[in-house]
Amino acid sequence: MKLGKTYNPSDHELDIYKLWEETGAFTPKNRGGQGSFTITVPPPNANGNLHLGHGLTIAIEDVATRYQRMQGKAALLLPGADHAGFETQVVYEKVLASNEKSRFDFSREELYSQIWDFVAENKDNYQTQFRKLGASVDWSRYVYTLDKKIVDRAYETFQKMWNEGLIYRGERLVNFCTHHGTGFADIEVEYRNVKGYLWHIDYPLTDGSGKVTVATTRPETMLGDVAVAVHPDDKKLAKFVGKTIKLPLTNREIPIIADEMVQTEFGTGAVKITPAHDQNDYEVAERHDLPMITVISHEGKMTHEAGDFAGLEVKQARKQVVKALEAEKLLAKTEDYEHSVGHCYKCGTVIEPLLREQWFINMKPLAKEALKALEAEKIKFYPDNKRTQLIEYLKNLRDWNISRQIAWGIPIPAFQNIDDEQDWIFDTRVKQETIEVNGKTYRRDPDVFDTWFSSSSWPYATLDYPDGKDFNEHYPLSLMETGADILYPWVSRMIMFGLYVTGEVPFKQVYLHGLIQDEHGAKMSKSKGNVVNPMEKIDQYGSDAFRMGIIADESAGNNRPYDESKLIGARNFCNKLWNIARFIENKVGDTPKRGSVVPKTISDHWVLARLKSASERVGELLENYQLAEAYEVIYHAVWDDVADWYIEASKSSENDGMLGYVLEVILKLAHPFAPFVTEAIWQNLGDNKENLLITAPWPIVTDYDNQKAKEFEQIKALITELRQLSKNLKLSKPTLNHTVSSLISENDALIKQLTGAGEIVQSSSTKGVRLLSAQAWLDVEDSKLKEYQKEITEKIKAKKAAIDNFNKRLANRSYTENAPKHIVEETMHARSKTESNLDLLETELKRFS
RNA sequence: GGGCUCUUAGCUCAGCUGGCUAGAGCGCUUGUUUUACACACAAGAGGUCACAGGUUCGAGUCCUGUAGAGCCCACCA
């Protein structure tokens, strides 16, 4: 089949992907490699579109997987999709809003089934996009986070924790979004700096002997104050401890207590204690056994405890309280004040710390095991500093609130005795609202799990823990590759859960990629309109170009701006591969003679040397996940070594077996990065239908004669020098004289081909310009030699500087004595070579002047 | 307050265990239609590796400090 002039990705990509899929190429199968290689793809939202980060994830994971597959390992890239509880419900609420409905119009069951259908409608979308990216995932193992096996694992884990006392239910301060009506884990709260005020309020002592001034950013919470705290050693304020205060705007009397948490130098040195709405205050109240008064409801309104202010929105209440205090002349001062306030990461509503009953996991024991594993380096991190970072995080880990008050998620398998609030039991009959156990009636907890709770089991749940075949063969995973931003919420928890449930680390390596920002380094966001859509880029440049372009800038852990020029470079590279194939097809036909590789010319030996080194180097780099560097090595092996040198050289002396072989090797090398174009070529050349490139073995390059390879290097240097001189001296078809170089005479056709030299003759004439790379002279008219003088002078200068450098180093006895022998030898070699070049140049200069 | 990064060519970045006469892509300059490719070929220009010290025979690479940029965590009433 004749290949077209340029590679047009869209002509091939769909067919090629279909071919892989239909032939079962993605199914893990050991082809002689050592063991298995396994990655579970971090599941994207089932209803969403892939963004650039997903594109990068797939590119990295697929390159690694394809490389390992070619190493003969049973390679598995396992795809999945996430129900993404809260995220998806938020999206669906927007859909409802556009139909002038809200979640309050439906029961949780109704909502759940509506969202189920909504997601089902959009699920194909993401699968199509994975295919466009060329993800070599095994679709037969596709897992959805609401699949039975995932839910079952979540329930088992919950039960195990319950039985072992790691799960507790308690009324604690919870980060609550009053707009979305659900609590969050600490880690999900987004803190932002907010300009506000620090209000100083006078609290009169009950005995009338004076006042204590407190400072607060939230005056409305004073209605829920239960004490005022001062530092026990505070020189001015400690004397008030034990007295009481008549709390303004209420008729309550509250004590003044001493607690070390108070910082005397901050604010007024006296802190109002509102345990129901502040984490610190909550802890103080626990220590001092104080009551907790809730004045803000889960809807963000003041409760009946707020007296006259009941029913007001928090913001309104704040204004009203300030006004009332002013009226009573109790507002001592209002200062501008910037501080950090928790916000809902979806809607931006200020997070209210509210007292709620929720399920918590005691994280200490889990973190302890994870710390042990991390400190023992049981998991290799790319980059390693993320491991250190995770260790610090785990040392200070707090308990995890896993209850969410939303519909879309996995129901928590816990039921409460309707006659005894304290009596909770574990039961998985969550489809029923009430169950009977031992003659008692229990009502289901209406909440669902935090989505991260079930995703924490991802590595083993997807592989059919505990007794599935996959679990046996593929666990622990070889690699967990994901965004550095979910190191804490996901990676840390997978490690803890993996250790807790399976007793093993869930993966042996972690690769964390950074964020792709826009071209100016700003975060991409829909609202800014600076989002780059990977699917559009694939349509524009092709899937391979997208993959390589996005990887070309990648280094573990670092954020980097999106750079389209890299995609363009990669697109050109695909075209280069295509045209190499086209050239070779013209020479040797559709069926390159694989297997009959006999290197004859020095360029044959040389290209084998280059390809061998590239193949080995790429292997090393990929084992270390230095993807951008591996890509660069392949890029230059293909473009410089094969296209610019080997193919050009072949035009003077063709070796069809070699051409076919060289093509085969570069297609294999490039395949992990550019799967479509390489497979498209492979399929076009000969009958490869039974023999796909995707499952072909990684090339082990055939033997060559190193001496001959080196000879080509010499000729290469000669050619480069000739081209340089011809260009600088504006020569056309110059004659090259050489004395007795058999290398030159044997390769005169090659030299002529690549330099446009006119004649190459063996002669004793030393007329013209002496080359540095060989005992040869380029025949140049005397008139042109004048122009060359300046260049020689400059070259001489550079050589002298270099020699000075070498001399300095070699004169230093500490260097010659301490540096490794081969380094010193290299230096000496370099010096003598530079010196002889300098000699030649100086002789030349003398001759000209 | 704590932790972690980053600063190398006009732009975006590599440079892993110190040996560099510092690399790549894109851009730029000059020339070329040459048995596939102008998404091309050939030849070039361009950097005191943020700064200051230190360790070392030798530092872009290790250490300390300074300046600037960023990310994350924390109970900033």
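Sequence lines set the chain letters: A, B, ... in the order given, protein chains first and strands last, and positions in each chain run from 1. Here the structure is a predicted model, which is why all the values come from computation and not from measurement.
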With both distances under 3.5 angstrom, what nucleotide forms a Watson-Crick or G-U wobble pair with B/rC26? B/rG10
Partner lookup for B/rG46, please. Criteria are Watson-Crick or G-U wobble with both distances under 3.5 angstrom; report none if nothing qualifies. none
OP1 or OP2 of [N] versus the side-chain N and O atoms of [X]: is any pair under 4.0 Å?
X        : N      : value
A/Lys576 : B/rC41 : yes
A/Asn558 : B/rA14 : yes
A/Arg831 : B/rU21 : no
A/His636 : B/rA24 : no
A/Asn396 : B/rA74 : no
A/Trp639 : B/rA24 : no

Under 4.0 Å, heavy atoms only, any strand: does [X] hit a base, just the sugar-phosphate, or nothing?
X        : value
A/Ala270 : base
A/Glu648 : base
A/Asp644 : sugar-phosphate
A/Lys587 : base
A/Gln279 : nothing
A/Asn624 : nothing
A/Ser555 : sugar-phosphate
A/Ala643 : base
A/Tyr337 : base
A/Arg192 : nothing
A/Trp199 : nothing
A/Tyr7   : nothing
A/Gln263 : base
A/Pro820 : base

Round to a whole Å and report the spacing from [atom1] of [X] to [atom2] of [N].
X        : N      : atom1 : atom2 : answer
A/Ile568 : B/rC39 : CD1   : P     : 11 Å
A/Asp259 : B/rA77 : CG    : C1'   : 12 Å
A/Leu390 : B/rC73 : CG    : C1'   : 13 Å
A/Lys727 : B/rA43 : NZ    : P     : 9 Å
A/Ile666 : B/rC37 : CD1   : C1'   : 13 Å
A/Asp641 : B/rC41 : CG    : P     : 13 Å
A/Asp553 : B/rC11 : CG    : C1'   : 11 Å
A/Met548 : B/rA24 : CE    : C1'   : 15 Å

With rounding to the closest Å, how many angstrom separate the [atom1] atoms on [N] and [M]?
N      : M      : atom1 : value
B/rA14 : B/rU61 : P     : 16 Å
B/rG3  : B/rU64 : P     : 13 Å
B/rU21 : B/rU17 : C1'   : 23 Å
B/rC39 : B/rA52 : C1'   : 47 Å
B/rA45 : B/rU29 : P     : 15 Å
B/rG27 : B/rA40 : P     : 9 Å
B/rC26 : B/rC73 : P     : 38 Å
B/rC20 : B/rG2  : C1'   : 38 Å

For the base of B/rC13, is there a side-chain donor-acceptor partner from A/Arg560 under 3.5 Å away?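 Checked by distance alone, the answer is no.
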Between [Y] and [X], is there a side-chain donor-acceptor contact under 3.5 Å, judged purely by atom types and distance?
X        : Y        : answer
A/Thr264 : A/Lys236 : no
A/Tyr631 : A/Glu554 : no
A/Asn812 : A/Arg809 : no
A/Glu335 : A/His200 : yes

Assign the ring pair A/Phe573 / A/Trp639 to parallel, tilted or perpendicular, where the plane angle (0 to 90°) is split at 30° and 60°. parallel
Pick the closest RNA chain B nucleotide for A/Arg813 and for A/Tyr393 by heavy atoms, then say which residue is nearer the 5' end. A/Arg813
Here's a test of your reading of the structure: between A/Ala819 and A/Asn728, which maps to the more 5' nucleotide of RNA chain B?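 In this pair, the answer is A/Ala819.
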Where is the tightest heavy-atom contact between [X] and [Y], given as atom of each residue plus distance?
X        : Y        : result
A/Leu841 : A/Lys799 : CD1-CG, 3.9 Å
A/Pro383 : A/Leu512 : CD-O, 4.1 Å
A/Tyr541 : A/Arg571 : O-CG, 3.6 Å

